[in-house]
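Data first, discussion second: the structure below is written as structure tokens.
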Amino acid sequence: MSTTSTTTTPVSILGLGLMGTALASALIKAGHPTTVWNRTAAKTGPLAALGATPADTAGGAIEASPLVIVCLTTNDNVRTLLAPETAALAGRTLVNLTNGTPSQARELASWAEAHGIAYIDGGIMAVPQMIATPGAYILYSGTDENAFETHRPTLQALADTKWVGKDPGAAALYDLSLLTGMYGMVMGVVQAYALIGTGGVPAREFAPLLREWVNAMTDGLVPGMAEALDSGQHLTDVSSLEINQAALPNFLAAYAEAGVSDELFKPLQGLLDRSITAGHSADGLSRLATLLKQS
Ligand code: FVH
């Protein structure tokens, strides 16, 4: 199938949840002939009003465009949906923006290759409201870099594009690692609001302090920890594991006194204890990343 790199490449979107709808809207606004399909057909209505062409079947949507984007809840859903559509997909480029693991992405890539489908896996670093706005980006990887380059101008309409390599699992690995950082931070913020709330402090009043503190900490910590990990120099003059191990019981005791669950933070105790037992008391928190690796 011939493809074009003009800015009006036809695109089909399978899956019109919150994210799929945002992706389709961005493509329509960028002038791409956009075909849409969703299991629950009613979700095509608002996009049809914007100019999209609804398809009755997933196969019909696939046949409408050289570039097919799928964004469903899980990769199990993707496999089930696309297994009967290999003939329609052959010769086209399939971009899978469904959240999943590196091994799921590699497995889908092998399946696609066996059927003559150019497969690109992607990880969306944005919420739906951020699509097609500055700051949003999507990670991509796959064995067929040419297919990605062919469609890069079109994909750029969704968000900035970041190619992370020919291993189909790379985009998922970057995606899950970045989301891990986010969830860790979010859980810290959740615990902080739960604790301060027990003192009758309104969350709105506390928010500016928390924001400033978290920003200041991550600004220095993220590059500083990278330096320590890549150099193997974990000794610190910032905050030792010994002092963190000594302080953690105060946090856990304060949660108990305030009637706040310690389920998010309790697991830190075991990890800090292990770091001291292993002789790393003078090291910084970067050492913990090495202790988390199990192979
Ligand atoms: N929303 C977000 O902030 C995040 C941002 C980062 C990327 N994620 C991932 O994007 C995938 C889709 O997420 P979503 O927010 O669009 O999710 P929903 O609004 O719940 O829509 C789910 C769509 O999947 C369709 N679907 C589910 N199961 C099946 C199936 N067995 N066969 C066909 N389609 C299926 C569902 O269809 P329907 O329920 O409307 O009929 C929706 O179109 C996801 O991987 C996030 O992790 C979003």
Side-chain angles (χ1 to χ4, degrees), residues 11-28 34-50 52-64 68-86 88-89 94-109 111 119-142 155 157-162 164 168-187 189-190:
V11 188
S12 294
I13 307 269
L14 309 177
L16 303 174
L18 295 173
M19 185 52 84
T21 296
L23 299 174
S25 303
L27 290 165
I28 296 163
T34 304
T35 301
V36 291
W37 175 87
N38 194 62
R39 179 180 61 176
T40 307
K43 288 188 187 169
T44 61
L47 291 164
L50 291 177
T53 304
D56 291 337
T57 61
I62 291 165
E63 282 166 5
V68 178
I69 297 174
V70 61
C71 187
L72 307 183
T73 307
T74 66
N75 276 331
D76 276 348
N77 304 147
V78 171
R79 255 182 246 112
T80 307
L81 179 69
L82 298 183
E85 306 296 348
T86 51
L89 281 165
L94 174 64
V95 175
N96 181 14
L97 299 182
T98 304
N99 180 271
T101 67
S103 63
Q104 288 169 2
R106 290 181 196 119
E107 190 193 309
L108 278 161
W111 164 83
Y119 181 85
I120 299 167
D121 205 76
I124 305 174
M125 303 317 299
V127 296
Q129 293 71 13
M130 287 167 68
I131 292 301
T133 69
Y137 67 90
I138 303 181
L139 302 153
Y140 296 97
S141 64
L155 297 170
L158 306 175
D160 199 12
T161 51
K162 287 194 200 290
V164 289
L173 181 66
Y174 273 75
D175 180 36
L176 294 180
S177 301
L178 288 164
L179 291 175
T180 294
M182 179 199 77
Y183 277 120
M185 186 195 68
V186 170
M187 290 306 115
V189 169
V190 163

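Atoms within each ligand, like the ligands themselves, are counted from 1 in listed order. Both backbone and side-chain heavy atoms feed into the values below; hydrogens, waters and symmetry mates do not. We count residues from 1, following the sequence as given.
At a 3.5 angstrom cut-off on N or O pairs, Val127 does not count as close to ligand 1. For the pair Leu18 and ligand 1, the shortest N or O to N or O distance falls below 3.5 Å. An N or O contact shorter than 3.5 Å is missing between Ala126 and ligand 1 by distance. Looking at ligand 1, you won't find any N or O of Gly15 less than 3.5 Å from one of its N or O atoms.
Taken to the nearest 0.5 Å, the CD1 atom of Ile131 stands 5.5 Å off from the CD1 atom of Ile124. Residue Tyr119 holds its OH atom at 6.5 Å from CG of Leu94, rounded to the nearest 0.5 Å.
Interface atoms of ligand 1 facing Cys71, defined by a heavy-atom separation under 4.0 Å, are 10 (O), 11 (C), 12 (C). Near Pro128, the atoms of ligand 1 lying under 4.0 angstrom from a non-hydrogen atom of the residue are 1 (N), 2 (C), 3 (O).
In this structure, atom 19 (O) of ligand 1 is in close contact with the protein, since a protein heavy atom lies within 4.0 Å of it.
With distances taken over non-hydrogen atoms, the option nearest atom 7 (C) of ligand 1 out of Ile124, Leu23, Leu82, Ile13 is Ile124. Considering each of Arg39, Gln129, Met130, the one bringing a non-hydrogen atom nearest atom 29 (C) of ligand 1 is Arg39. Considering Ile131, Thr73, Thr74 only, the shortest heavy-atom separation from atom 23 (C) of ligand 1 involves Thr73. Nearest-heavy-atom check against atom 37 (O) of ligand 1 across Asp76, Thr40, Thr98, Asn38 picks out Asn38.
Counting heavy atoms from C-beta outward, Ser12 and Ile69 have side chains that stay 4.5 Å or more apart.
With respect to atom 21 (O) of ligand 1, the closest heavy atom belonging to the protein is Gly17 CA, 3.2 Å.
Residues Ser141 and Ala171 approach most closely at OG-N, 2.9 Å, considering heavy atoms.
Proximity of Lys43 to ligand 1, defined as any heavy-atom pair under 4.0 Å, is confined to the side chain (atoms from C-beta onward).
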